[in-house]
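The structure appears right after this line, and notes come after that.
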Amino acid sequence: MITDARPLAPEFVPSDVVHRDAEVNTLSANLRPIIRGEQPNPSLLVGPSGTGKTCIARYTVDKLREEALDVETPYVNCWEDYSPYRTLYRILDELTRAVDIHRTSTPQDELVERLREYDEAPVVVILDEVDQLEDKDLLYDLFRVTGLSMVLIANREEALYGELEDRLQSRLQTASSIRFDPYPTQELVNILTDRARWSLREDAYEESQLRRIAESAAGDARVAIMTLREAARYCRREGLTQLTSTAVDHALPEAKAEIRQKNVERLTEDQQALYEIVQEAGEIRPAALYEAYQNRVDDPKTDRTVRNYLEKMERYNLICARGENRGRTYVDAQTEH
DNA sequence: CCTCCACTGGAAGATCGGGAAG
DNA sequence: CTTCCCGATCTTCCAGTGGAGG
């Protein structure tokens with residue numbers, strides 16, 4: 001029943017976007033100075049996950065490239081490349097293919113210097129999940145590179161601004177921020193209809209099934225599309241030719257589990273042990289957690305290191321830290337409501 | 001009110017691994 | 001080969017926070 005799986009992939013950018021005209025237009029207008037050879041102010045796309053920020057950023061930047069031929073548009077996901085060094089490396093890698101940059105032994109300052117020297121074309125960097133960047137000073141360096149402009153993407157504006165120093169804050173004042181809200185159900189249905197039309201056999205789905213998916217996705221397009229994909233896979237496994245209600249029911253928890261599983265796999269052995277303990281306990285106090293951890297692994301790290309792990313796992317949305325100081329407990333994000 | 005103490009998280013320094021330079 | 005230098009990771013140290021209990 002699947003004719004083309006690509007439109008169901010998380011990173012797919014459609015050649016035409018729906019329901020985000022205003023956002024696209026604002027972002028296009030922000031970037032327009034590039035065509036005249038001027039440097040645009042940074043743009044800041046803010047909103048919860050699955051509201052189309054990444055998609056619209058990539059889409060708009062691609063359009064810009066069609067109009068102004070020599071624009072480079074490197075994309076960095078700061079969740080994956082969270083250290084300043086890796087972010088810089090990724091940008092340069094996309095710009096120059098980084099042939100002679102070796103993973104270590106090239107100091108960070110030199111990477112910045114190379115970015116400054118790059119003058120072949122104006123550069124628009126998309127920094128996705130920029131609130132996950134652990135050292136925001138890098139933004140300041142990037143702001144000062146002439147010929148480089150930025151599209152910043154963050155879940156919550158406060159999370160970003162809260163950590164910034166004054167000099168960065170004042171720089172970001174000039175940024176125009178574009179707010180993304182969760183999709184209403186009908187818009188999700190339309191998005192799903194497009195994806196289904198591009199990727200599934202025509203007679204394989206009905207709008208009522210897509211609507212069920214849209215309703216359960218709570219405004220999150222990523223969850224909706226992943227659910228559709230899981231449902232289609234389920235049908236293929238079971239040899240069904242039609243998207244059924246059973247398939248949709250199966251798909252929703254599976255889509256969520258898949259997102260979770262991806263995050264767990266990225267953890268180290270120690271971190272996975274911690275995650276298991278929290279998962280088994282449901283809710284656990286710090287001292288008990290550390291004690292259980294010491295018993296579980298052969299060569300336990302110090303408690304301070306464990307706190308760094310927990311912070312990281314919280315950013316991955318695997319666990320939640322509830323309360324402060326003495327009242328702190330760690331909760332499995334899955335059972336947390 | 002005050003003191004205790006479990007807990008947090010910043011800062012600085014040690015150590016590791018890998019590539020470059022000598 | 002050794003030495004040097006880098007980022008990444010982990011440890012050590014510690015000031016700060018706020019709830020519990022005198």
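Naming convention: chains lettered A, B, ... in sequence-line order (proteins, then strands); numbering from 1 in each chain.
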[N] OP1/OP2 closer than 4.0 Å to side-chain N/O of [X]:
X	N	answer
A:Thr302	C:dT12	no
A:Tyr82	C:dT9	yes
A:Thr305	C:dT11	yes
A:Tyr330	B:dT8	yes
A:Arg285	B:dA6	no

> Below 4.5 Å, heavy atoms only, C-beta onward: do A:Leu133 and A:Trp79 meet side chain to side chain?
Replying inline: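 They are not in side-chain contact.
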
Distance check needed: [N] [atom2] versus [X] [atom1], whole Å only.
X	N	atom1	atom2	value
A:Arg86	C:dA8	CZ	C1'	8 Å
A:Lys312	C:dA8	NZ	P	11 Å
A:Asp299	C:dT11	CG	P	8 Å
A:Arg266	C:dA8	CZ	P	17 Å
A:Leu88	C:dA8	CG	C1'	16 Å
A:Arg307	C:dG16	CZ	C1'	13 Å
A:Asp135	B:dA12	CG	P	13 Å
A:Tyr309	C:dA8	OH	P	15 Å

> Are the charged groups of A:Glu283 and A:Arg322 less than 4.0 angstrom apart, N to O?
Replying inline: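 Yes, charged N to carboxylate O under 4.0 Å.
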
> Does the pair A:Lys262/A:Glu258 count as a salt bridge with the N-to-O cut at 4.0 Å?
Replying inline: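 Looking at A:Glu258 together with A:Lys262, the answer is yes, because their closest N to O distance falls below 4.0 Å.
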
> Does the B:dG10 base have a donor-acceptor partner in the side chain of A:Arg304 within less than 3.5 Å?
Replying inline: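 Side chain to base: pair found, below 3.5 Å.
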
Looking only at the side chain of [X] (C-beta and beyond, no hydrogens), which of the listed nucleotides [options] gets closest?
X	options	answer
A:Asn325	C:dG18, B:dA11, C:dA8	C:dG18
A:Pro286	C:dC10, B:dC7, B:dA6	B:dC7
A:Arg326	C:dG18, B:dC7, C:dA8	C:dG18
A:Glu324	C:dG18, C:dG7, B:dT8	C:dG18

>> Taking the cut-offs as 6.0 angstrom to the six-membered ring centre and 45 degrees off its axis, would you call A:Arg58 and A:Tyr75 a cation-pi pair?
In response: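 Yes, cation above the ring, under 6.0 Å and within 45°.
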
> Which of these, A:Leu127, A:Leu88, A:Asp128, sits in a side-chain contact (heavy atoms from CB on, under 4.5 Å) with A:Val76?
Replying inline: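 The residue from A:Leu127, A:Leu88, A:Asp128 that satisfies side-chain contact (heavy atoms from CB on, under 4.5 Å) with A:Val76 turns out to be A:Leu127.
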
>> At 4.0 Å (heavy atoms only), tell me whether A:Gln108 reaches a base, stays on the sugar-phosphate, or touches nothing.
In response: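 Answer is sugar-phosphate: A:Gln108 comes under 4.0 Å of backbone atoms only.
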
